[in-house]
Amino acid sequence: MTLSPANAGASNVVGLCLHQPRRRVPLEPFWMQFLRGAEDVLAERGRTLLLQVVADLDEEVATLRRWHDTGQVTGVIVSDLAADDARLEVLRELGMPAVVLAQPLLAPGFATISTDNARSMRDAVEYLAAGGHRTIGRVTGPKEFMHTLVRDDAFDAAGVRLGIETVSVTSDYSAEGGAEATAELLARPTRPSALIFDNDLMALAGLEVVQSAGLSVPDEIALLAWDDSVHCQLASPPLSALMHDLVAYGADTARVLLDVLDGVPDPSRVAEQPHLVARASTRPVPDHQPGTRPDIHLQG
(Lines give C-alpha, C1' and ligand atoms only; values in the text may rest on other atoms or scores of the structure.)
Protein backbone atom coordinates (compact mmCIF):
# COMPACT_ATOMS: atom_id res chain seq x y z
CA MET A 1 0.00 0.00 0.00
CA THR A 2 1.36 3.41 -0.99
CA LEU A 3 0.42 6.27 1.29
CA SER A 4 0.61 9.80 -0.02
CA PRO A 5 3.19 12.26 1.33
CA ALA A 6 1.83 15.08 3.46
CA ASN A 7 2.66 17.73 0.87
CA ALA A 8 1.05 16.00 -2.12
CA GLY A 9 -1.30 18.16 -4.14
CA ALA A 10 -4.93 17.95 -3.13
CA SER A 11 -5.96 17.19 -6.69
CA ASN A 12 -4.08 13.90 -6.44
CA VAL A 13 -5.06 12.68 -2.94
CA VAL A 14 -8.13 10.97 -1.51
CA GLY A 15 -8.48 10.09 2.17
CA LEU A 16 -9.74 7.23 4.28
CA CYS A 17 -9.99 7.22 8.07
CA LEU A 18 -10.20 3.99 10.03
CA HIS A 19 -11.41 4.58 13.57
CA GLN A 20 -10.33 1.41 15.30
CA PRO A 21 -7.52 0.21 17.59
CA ARG A 22 -4.22 0.88 15.81
CA ARG A 23 -2.92 -2.56 16.80
CA ARG A 24 -5.66 -4.18 14.68
CA VAL A 25 -5.16 -2.50 11.30
CA PRO A 26 -2.06 -4.44 10.16
CA LEU A 27 -3.80 -7.71 11.11
CA GLU A 28 -7.13 -7.09 9.39
CA PRO A 29 -7.26 -9.00 6.08
CA PHE A 30 -10.43 -7.11 5.10
CA TRP A 31 -8.71 -3.73 5.00
CA MET A 32 -5.47 -4.96 3.50
CA GLN A 33 -7.31 -6.38 0.49
CA PHE A 34 -9.77 -3.49 0.22
CA LEU A 35 -6.95 -0.93 0.23
CA ARG A 36 -5.02 -2.84 -2.40
CA GLY A 37 -7.98 -2.71 -4.79
CA ALA A 38 -8.69 0.96 -4.12
CA GLU A 39 -5.09 2.00 -4.54
CA ASP A 40 -4.73 0.14 -7.87
CA VAL A 41 -7.66 2.06 -9.38
CA LEU A 42 -6.55 5.39 -7.94
CA ALA A 43 -3.03 4.90 -9.28
CA GLU A 44 -4.40 4.45 -12.79
CA ARG A 45 -5.72 8.00 -12.53
CA GLY A 46 -2.56 9.44 -10.99
CA ARG A 47 -4.04 9.63 -7.49
CA THR A 48 -2.85 8.33 -4.15
CA LEU A 49 -4.55 7.21 -0.97
CA LEU A 50 -3.96 8.89 2.38
CA LEU A 51 -4.83 6.49 5.21
CA GLN A 52 -5.31 7.85 8.73
CA VAL A 53 -5.99 5.55 11.68
CA VAL A 54 -7.94 7.38 14.39
CA ALA A 55 -9.11 6.43 17.86
CA ASP A 56 -12.79 7.25 17.53
CA LEU A 57 -15.47 9.10 15.60
CA ASP A 58 -14.60 12.48 17.15
CA GLU A 59 -11.00 12.19 16.02
CA GLU A 60 -12.17 11.22 12.54
CA VAL A 61 -14.41 14.30 12.34
CA ALA A 62 -11.47 16.47 13.39
CA THR A 63 -9.34 14.81 10.71
CA LEU A 64 -11.94 15.47 8.02
CA ARG A 65 -12.05 19.15 8.99
CA ARG A 66 -8.25 19.39 8.94
CA TRP A 67 -8.06 17.73 5.54
CA HIS A 68 -10.60 20.20 4.19
CA ASP A 69 -9.05 23.28 5.79
CA THR A 70 -5.52 22.43 4.58
CA GLY A 71 -6.63 21.24 1.15
CA GLN A 72 -4.78 18.00 1.81
CA VAL A 73 -7.38 15.75 0.18
CA THR A 74 -9.95 16.22 -2.54
CA GLY A 75 -12.39 13.48 -1.54
CA VAL A 76 -12.90 10.77 1.07
CA ILE A 77 -14.08 7.21 1.57
CA VAL A 78 -16.37 6.82 4.60
CA SER A 79 -16.52 3.38 6.25
CA ASP A 80 -18.36 1.81 9.19
CA LEU A 81 -21.38 4.11 9.11
CA ALA A 82 -22.95 4.67 12.53
CA ALA A 83 -26.50 5.64 13.50
CA ASP A 84 -26.89 9.45 13.31
CA ASP A 85 -23.35 9.57 11.97
CA ALA A 86 -21.81 13.00 12.60
CA ARG A 87 -19.44 12.58 9.66
CA LEU A 88 -22.25 12.91 7.12
CA GLU A 89 -23.35 16.28 8.46
CA VAL A 90 -19.75 17.49 8.56
CA LEU A 91 -19.15 16.40 4.97
CA ARG A 92 -22.35 18.18 3.87
CA GLU A 93 -21.23 21.32 5.70
CA LEU A 94 -17.77 21.20 4.13
CA GLY A 95 -19.01 20.22 0.68
CA MET A 96 -16.34 17.52 0.56
CA PRO A 97 -16.85 14.83 -2.12
CA ALA A 98 -17.31 11.37 -0.61
CA VAL A 99 -18.38 7.80 -1.16
CA VAL A 100 -20.02 6.00 1.76
CA LEU A 101 -19.81 2.24 2.30
CA ALA A 102 -23.50 1.79 3.12
CA GLN A 103 -26.95 1.19 1.71
CA PRO A 104 -28.23 4.30 -0.13
CA LEU A 105 -31.11 4.83 2.32
CA LEU A 106 -28.62 5.14 5.18
CA ALA A 107 -26.63 7.96 3.54
CA PRO A 108 -29.10 10.18 1.66
CA GLY A 109 -27.48 12.67 -0.65
CA PHE A 110 -24.18 10.77 -0.86
CA ALA A 111 -22.77 8.38 -3.41
CA THR A 112 -22.67 4.88 -1.93
CA ILE A 113 -21.36 1.41 -2.59
CA SER A 114 -23.34 -1.32 -0.90
CA THR A 115 -23.86 -5.01 -0.32
CA ASP A 116 -26.96 -6.67 1.13
CA ASN A 117 -25.87 -7.63 4.65
CA ALA A 118 -29.34 -8.88 5.53
CA ARG A 119 -29.41 -11.30 2.60
CA SER A 120 -25.97 -12.69 3.44
CA MET A 121 -26.99 -13.24 7.05
CA ARG A 122 -30.18 -15.01 5.97
CA ASP A 123 -28.13 -17.25 3.71
CA ALA A 124 -25.82 -18.19 6.58
CA VAL A 125 -28.63 -18.95 9.04
CA GLU A 126 -30.64 -20.90 6.47
CA TYR A 127 -27.60 -22.96 5.53
CA LEU A 128 -26.91 -23.90 9.16
CA ALA A 129 -30.59 -24.53 9.93
CA ALA A 130 -30.86 -26.78 6.89
CA GLY A 131 -27.98 -28.76 8.38
CA GLY A 132 -30.07 -29.43 11.50
CA HIS A 133 -28.73 -26.77 13.86
CA ARG A 134 -31.45 -25.57 16.24
CA THR A 135 -29.40 -23.18 18.41
CA ILE A 136 -27.08 -20.82 16.55
CA GLY A 137 -24.76 -18.38 18.28
CA ARG A 138 -23.15 -15.30 16.78
CA VAL A 139 -20.15 -13.16 17.68
CA THR A 140 -20.98 -9.68 16.38
CA GLY A 141 -19.08 -6.56 15.50
CA PRO A 142 -19.55 -3.29 17.43
CA LYS A 143 -23.18 -2.26 17.89
CA GLU A 144 -22.56 1.36 16.85
CA PHE A 145 -22.07 0.29 13.23
CA MET A 146 -25.14 0.25 11.03
CA HIS A 147 -24.07 -2.91 9.22
CA THR A 148 -23.93 -4.71 12.58
CA LEU A 149 -27.50 -3.64 13.36
CA VAL A 150 -28.67 -4.77 9.92
CA ARG A 151 -27.06 -8.17 10.49
CA ASP A 152 -28.56 -8.34 14.01
CA ASP A 153 -32.09 -7.83 12.70
CA ALA A 154 -31.64 -10.35 9.89
CA PHE A 155 -30.10 -12.94 12.24
CA ASP A 156 -32.92 -12.77 14.76
CA ALA A 157 -35.66 -12.56 12.11
CA ALA A 158 -34.29 -15.65 10.35
CA GLY A 159 -34.30 -17.52 13.65
CA VAL A 160 -37.94 -16.65 14.31
CA ARG A 161 -38.97 -17.58 10.77
CA LEU A 162 -37.15 -20.92 10.93
CA GLY A 163 -38.22 -21.73 14.48
CA ILE A 164 -34.68 -21.92 15.90
CA GLU A 165 -32.94 -20.20 18.81
CA THR A 166 -30.48 -17.42 18.03
CA VAL A 167 -28.17 -15.78 20.55
CA SER A 168 -25.57 -13.04 20.02
CA VAL A 169 -22.58 -11.73 21.98
CA THR A 170 -21.11 -8.35 21.02
CA SER A 171 -17.40 -8.07 20.26
CA ASP A 172 -14.97 -5.72 18.52
CA TYR A 173 -13.56 -7.58 15.47
CA SER A 174 -10.32 -8.39 17.34
CA ALA A 175 -8.97 -11.88 18.00
CA GLU A 176 -9.03 -11.22 21.76
CA GLY A 177 -12.63 -10.07 21.67
CA GLY A 178 -13.65 -12.99 19.50
CA ALA A 179 -12.08 -15.46 21.92
CA GLU A 180 -13.86 -13.92 24.92
CA ALA A 181 -17.24 -13.89 23.15
CA THR A 182 -16.82 -17.49 22.02
CA ALA A 183 -16.06 -18.61 25.58
CA GLU A 184 -19.21 -16.81 26.74
CA LEU A 185 -21.34 -18.62 24.17
CA LEU A 186 -19.84 -22.00 25.04
CA ALA A 187 -20.65 -21.42 28.73
CA ARG A 188 -24.38 -21.02 28.08
CA PRO A 189 -26.67 -23.69 29.60
CA THR A 190 -27.87 -24.48 26.07
CA ARG A 191 -24.65 -24.45 24.09
CA PRO A 192 -25.08 -23.48 20.44
CA SER A 193 -24.29 -26.22 17.94
CA ALA A 194 -23.14 -23.62 15.38
CA LEU A 195 -21.44 -20.23 15.59
CA ILE A 196 -21.35 -17.35 13.09
CA PHE A 197 -18.58 -14.75 13.41
CA ASP A 198 -18.79 -11.23 11.95
CA ASN A 199 -15.19 -11.37 10.69
CA ASP A 200 -12.43 -13.87 10.06
CA LEU A 201 -10.12 -12.83 12.91
CA MET A 202 -12.81 -13.53 15.50
CA ALA A 203 -13.66 -16.83 13.81
CA LEU A 204 -10.06 -18.02 13.89
CA ALA A 205 -9.77 -17.07 17.57
CA GLY A 206 -13.10 -18.80 18.20
CA LEU A 207 -11.80 -21.97 16.58
CA GLU A 208 -8.88 -22.04 19.02
CA VAL A 209 -11.23 -21.57 22.00
CA VAL A 210 -13.58 -24.33 20.80
CA GLN A 211 -10.75 -26.79 20.25
CA SER A 212 -9.11 -25.88 23.57
CA ALA A 213 -12.42 -26.73 25.24
CA GLY A 214 -12.13 -30.25 23.81
CA LEU A 215 -14.96 -29.81 21.32
CA SER A 216 -14.76 -31.28 17.83
CA VAL A 217 -15.33 -29.09 14.77
CA PRO A 218 -17.69 -29.74 13.04
CA ASP A 219 -18.96 -32.86 14.87
CA GLU A 220 -19.90 -31.03 18.08
CA ILE A 221 -19.97 -27.43 16.91
CA ALA A 222 -19.93 -25.82 13.45
CA LEU A 223 -18.15 -22.53 12.68
CA LEU A 224 -18.81 -20.02 9.90
CA ALA A 225 -16.92 -16.75 9.28
CA TRP A 226 -17.99 -13.52 7.59
CA ASP A 227 -15.31 -12.31 5.13
CA ASP A 228 -13.24 -15.19 3.85
CA SER A 229 -9.44 -15.02 3.95
CA VAL A 230 -6.47 -17.25 3.27
CA HIS A 231 -6.28 -17.77 7.04
CA CYS A 232 -9.79 -19.30 6.99
CA GLN A 233 -8.78 -21.52 4.08
CA LEU A 234 -5.62 -22.75 5.85
CA ALA A 235 -7.22 -23.31 9.27
CA SER A 236 -7.63 -26.85 10.60
CA PRO A 237 -10.34 -27.59 9.75
CA PRO A 238 -10.78 -25.00 6.97
CA LEU A 239 -13.53 -22.54 7.91
CA SER A 240 -16.74 -22.13 5.97
CA ALA A 241 -17.15 -18.47 5.11
CA LEU A 242 -19.08 -15.76 3.33
CA MET A 243 -16.65 -14.94 0.54
CA HIS A 244 -16.46 -11.41 -0.84
CA ASP A 245 -13.93 -10.25 -3.43
CA LEU A 246 -12.50 -7.49 -1.25
CA VAL A 247 -9.95 -6.33 -3.80
CA ALA A 248 -12.81 -5.77 -6.26
CA TYR A 249 -14.83 -4.08 -3.52
CA GLY A 250 -12.02 -1.61 -2.88
CA ALA A 251 -11.57 -1.04 -6.61
CA ASP A 252 -15.28 -0.36 -7.12
CA THR A 253 -15.30 2.00 -4.15
CA ALA A 254 -12.47 4.01 -5.69
CA ARG A 255 -14.31 4.10 -9.03
CA VAL A 256 -17.40 5.55 -7.35
CA LEU A 257 -15.34 8.27 -5.67
CA LEU A 258 -13.62 9.10 -8.96
CA ASP A 259 -17.05 9.37 -10.59
CA VAL A 260 -18.11 11.77 -7.83
CA LEU A 261 -15.01 13.88 -8.44
CA ASP A 262 -15.70 13.84 -12.18
CA GLY A 263 -19.29 14.98 -11.67
CA VAL A 264 -20.81 11.77 -13.06
CA PRO A 265 -24.55 11.69 -12.30
CA ASP A 266 -25.82 8.86 -10.10
CA PRO A 267 -22.41 7.29 -9.36
CA SER A 268 -23.58 4.84 -6.66
CA ARG A 269 -22.96 1.12 -7.21
CA VAL A 270 -24.01 -2.21 -5.74
CA ALA A 271 -20.96 -4.37 -5.04
CA GLU A 272 -20.76 -8.08 -5.73
CA GLN A 273 -22.85 -9.97 -3.17
CA PRO A 274 -20.89 -12.28 -0.82
CA HIS A 275 -21.51 -15.99 -1.39
CA LEU A 276 -21.26 -18.82 1.09
CA VAL A 277 -18.35 -21.22 0.67
CA ALA A 278 -18.87 -24.46 2.61
CA ARG A 279 -15.75 -26.09 4.00
CA ALA A 280 -14.98 -28.71 6.64
CA SER A 281 -15.97 -26.55 9.64
CA THR A 282 -19.67 -27.04 8.85
CA ARG A 283 -21.74 -30.05 7.92
CA PRO A 284 -25.20 -31.41 8.79
CA VAL A 285 -25.65 -32.61 12.36
CA PRO A 286 -26.00 -36.41 12.66
CA ASP A 287 -29.28 -38.06 11.61
CA HIS A 288 -30.58 -34.94 9.89
CA GLN A 289 -31.84 -34.82 6.35
CA PRO A 290 -31.00 -31.39 4.90
CA GLY A 291 -33.81 -29.37 3.43
CA THR A 292 -33.76 -26.42 1.06
CA ARG A 293 -30.69 -24.24 1.52
CA PRO A 294 -29.18 -21.23 -0.20
CA ASP A 295 -26.87 -21.66 -3.18
CA ILE A 296 -23.42 -22.46 -1.85
CA HIS A 297 -19.99 -23.28 -3.18
CA LEU A 298 -18.44 -26.44 -1.81
CA GLN A 299 -14.74 -26.78 -1.10
CA GLY A 300 -12.85 -29.65 0.43
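For clarity, every value in this text was computed on a predicted model and none was experimentally measured.
- Classification of the Phe30-Phe34 ring pair by plane angle, with boundaries at 30° and 60°, yields parallel.
- Here Gln273 pairs with Ser120 under the side-chain hydrogen bond (donor to acceptor under 3.5 Å, both in side chains) rule; sequence neighbours left out.
- Contact check for Pro192 versus Ile136: no side-chain heavy atoms found under the 4.5 Å cut-off.
- A donor-acceptor pair is defined here as one N or O able to donate and one able to accept, closer than 3.5 Å; such a pair exists between the side chain of Asp198 and the backbone of Gly141.
- Put simply, the side chain of Gln33 never gets that close to the backbone of Ser229: no donor and acceptor are under 3.5 Å apart.
- Residues Val125 and Ile164 form a side-chain contact, since some pair of their non-hydrogen atoms from C-beta on lies under 4.5 Å apart.
- A donor-acceptor contact shorter than 3.5 Å links the side chain of Ser171 to the backbone of Gly177.
- Contact of the Leu106 side chain with the Val100 side chain is not registered, since no non-hydrogen atoms from C-beta on lie closer than 4.5 Å.
- The number of heavy-atom neighbours closer than 6.0 Å to CG of Asp69, taken from other residues, nucleotides and ligands shown, is above 12.
- Taking the side-chain contact (heavy atoms from CB on, under 4.5 Å) definition, one finds that Ala62 meets it with nothing, sequence neighbours left out.
- In this structure, Thr148 contributes its side chain and Pro142 its backbone to a donor-acceptor pair below 3.5 Å.
- Remark: side-chain polar atoms of His244 are not paired, donor with acceptor, to backbone N or O of Asp227 under 3.5 angstrom.
- Among residues at least two apart or in separate chains, side chain to side chain donor-acceptor pair (under 3.5 Å) pairs with a member in residues 150-160 are Asn117-Arg151, Arg138-Asp152, Lys143-Asp152, Asp156-Thr166.
- Using a 4.5 Å cut-off on side-chain heavy atoms (C-beta onward), Arg279 and Pro218 make no contact.
- Val99 is listed as a side-chain neighbour of Ile113, based on a closest heavy-atom distance under 4.5 Å.
- By the salt bridge (charged side-chain N to carboxylate O under 4.0 Å, His left out) test, Glu272 is found to be paired with no residue, residues two or more places apart in sequence or in another chain being considered.
- Note on residues 93-103: pairs passing salt bridge (charged side-chain N to carboxylate O under 4.0 Å, His left out), not counting sequence neighbours, are Arg65-Glu93.
- Counting only residues at least two apart or on different chains, the salt bridge (charged side-chain N to carboxylate O under 4.0 Å, His left out) pairs with a member in residues 231-252 are Asp252-Arg255, Asp252-Arg269.
- For the 3.5 Å distance criterion, the side chains of Tyr249 and Thr115 fail to qualify, holding no donor opposite an acceptor.
- Between Leu16 and Leu35, the closest side-chain pair of non-hydrogen atoms falls below 4.5 Å.
- When side chains are defined from C-beta on, Val14 counts as touching Thr74, because their heavy atoms get closer than 4.5 Å.
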Review item, side-chain donor-acceptor pairs of residues 202-210, under 3.5 Å, at least two apart:
none

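- Applying the side-chain contact (heavy atoms from CB on, under 4.5 Å) test to Ala254 and every residue at least two apart in sequence or in another chain returns Ala38, Val41, Leu42.
- Among residues at least two apart or in separate chains, there is no salt bridge (charged side-chain N to carboxylate O under 4.0 Å, His left out) pair with a member in residues 102-119.
- At least one donor-acceptor pair closer than 3.5 Å links the side chain of Asp172 to the backbone N or O of Ser174.
- Take Asp56 and apply the side-chain contact (heavy atoms from CB on, under 4.5 Å) test, not counting sequence neighbours, and it matches Asp58, Glu59.
- Take Ser216 and apply the side-chain hydrogen bond (donor to acceptor under 3.5 Å, both in side chains) test, not counting sequence neighbours, and it matches Asp219.
- Within the 4.5 Å cutoff, side-chain heavy atoms of Leu215 are placed close to those of Arg191.
- Between the Arg283 side chain and the Ala278 main chain, no donor and acceptor come within less than 3.5 Å of each other.
- His147 pairs by the side-chain hydrogen bond (donor to acceptor under 3.5 Å, both in side chains) definition with Tyr173, not counting sequence neighbours.
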